[in-house]
Amino acid sequence: MRSKIDQLLAEIDSLTAVSREELEALRVRLMGKKGSITALFDDFKQVAAEEKREIGQLLNVLKTKAAEHINALRDVLEAKTETSASTDLSMPGHPAPSGARHPLSIVRNEIIDIFKHLGYTVAEGPEVEDDYHVFGALNFPPEHPARDMQDTFFVTTGDNPVLLRTHTSSVQVRSMETARPPIRIICPGRVFRNEAISARAHCIFHQVEGLYIDENVSFADLKQSVLYFAREMFGADVQIRLRPSYFPFTEPSAEVDVSCNICKGKGCNVCKYTGWLEIMGCGMVDPNVLEASGIDSKKYTGFAFGMGIERIAMLKWQVKDLRHYFENDVRFLSQFKTAL
Ligand code: DAH
């Protein structure tokens with residue numbers, strides 16, 4: 001009996017099975033009703049009393065080892081069948097969902113591209129600014145109501161308070177302080193105003209500011225640049241018109257309208273039956289603004305313009321509720337995939 005046990009113990013590790021059927025046959029051969037290990041347990045009854053303890057222990061070792069070996073063989077077989085049955089290497093891969101650029105980024109990049117063709121480079125400035133760069137250097141006198149009109153978010157109070165910039169015109173000032181003419185820059189960025197959020201207004205929005213300073217820059221240059229921009233942005237047949245306006249930092253100043261791209265000037269509810277849509281403010285840089293930043297206003301002239309990116313996006317896609325641009329609802333954003 002002892003030799004039979006020893007022989008089986010030695011054999012077990014070398015027993016193999018290449019299929020579930022073979023494994024089951026092996027299990028039955030060892031541990032089934034008529035299996036060799038089961039038979040040894042039957043024979044155990046005849047073992048002499050003084051040997052029972054030792055043989056019993058050996059038998060238990062054999063039984064455990066056989067069970068463990070069969071389980072290990074089963075694990076290997078199952079791992080193999082899992083990969084071979086469920087992995088079809090010829091299947092197409094899972095599509096990786098692609099993102100979409102935010103509509104405001106699309107419009108901003110388009111505006112930048114258009115002005116790059118005219119030789120403009122991108123300039124950036126801080127969003128947290130001081131009063132001097134947002135108002136003072138732009139010819140807003142100290143008592144000017146614009147600071148209230150523009151509903152400024154103040155960070156500090158005092159002589160030159162720190163605030164969130166209300167327009168990107170502040171980047172003009174920063175550029176004029178460091179660069180010398182010719183200056184031809186386009187300044188995209190976020191601006192902040194203390195407005196109640198609604199379909200038509202938001203406390204955060206985006207602007208693009210443009211500035212061109214050189215010798216002999218005229219209002220005709222401004223008008224031609226704006227026309228070029230409007231045609232590139234809204235189509236070759238678009239018309240523009242300039243209405244006199246007022247900004248402290250430009251003189252003369254104008255507001256630019258484009259002919260309504262929806263009704264082609266006939267009148268609709270988008271253009272409020274005027275046939276025209278306002279797209280930007282502009283004007284000749286006030287000599288005071290040039291001088292404040294150390295540029296000789298006798299030698300140099302320049303023009304500036306500023307537009308809201310949301311406004312251009314609204315006109316382009318007819319999305320009239322501004323809040324859509326800020327809520328980042330994927331159902332809204334994914335519609336712009338093809339607009340890249
Ligand atoms: N800064 C003006 C605003 O926020 C926009 C603007 C108007 C910018 C006229 C200009 C300009 O450069 O010439 O409403």
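Only heavy atoms go into these numbers, but all of them, side chains included; no hydrogens, no water, no symmetry mates. Atoms within each ligand, like the ligands themselves, are counted from 1 in listed order. This is a predicted model, so every value here is computed, not measured.
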Those residues that, when tested against Arg180, pass salt bridge (charged side-chain N to carboxylate O under 4.0 Å, His left out) (two or more places apart): none
Which of the atoms of ligand 1 are close to [X], meaning less than 4.0 Å from one of its heavy atoms?
{"X": "Ala304", "result": "12 (O), 13 (O)"}
{"X": "Gly306", "result": "6 (C), 8 (C), 10 (C), 12 (O)"}
{"X": "Glu209", "result": "8 (C), 10 (C), 12 (O)"}
{"X": "Gly283", "result": "13 (O)"}
{"X": "Gln172", "result": "12 (O)"}
{"X": "Gly281", "result": "7 (C), 9 (C), 11 (C)"}
{"X": "Arg193", "result": "3 (C), 4 (O), 14 (O)"}
{"X": "Thr250", "result": "13 (O)"}

Do Asp130 side-chain atoms and His133 backbone N/O form a donor-acceptor pair below 3.5 Å? yes
Ring centroid separation for Phe247 and His167, is it under 6.0 angstrom? no
Distance flag, aromatic centroids of Phe115 and Phe229, threshold under 6.0 Å: yes
Result of checking Glu127, Glu124, Glu129 against Arg190 for salt bridge (charged side-chain N to carboxylate O under 4.0 Å, His left out): Glu127
Contact check, [X] vs ligand 1, heavy-atom distance below 4.0 Å:
{"X": "Glu251", "value": "no"}
{"X": "Phe249", "value": "yes"}
{"X": "Gln207", "value": "yes"}

His206 and Glu310: CA distance, side-chain angles, deciding distance, side chain to side chain donor-acceptor pair (under 3.5 Å) verdict: CA-CA 7 Å; His206 300 79; Glu310 282 81 359; 2.7 Å; yes
Ala292: which residues meet the side-chain contact (heavy atoms from CB on, under 4.5 Å) condition with it, sequence neighbours left out? Tyr132
Taken to the nearest 0.5 Å, the spacing of Glu78 CD from Leu73 CG works out to 11.5 Å
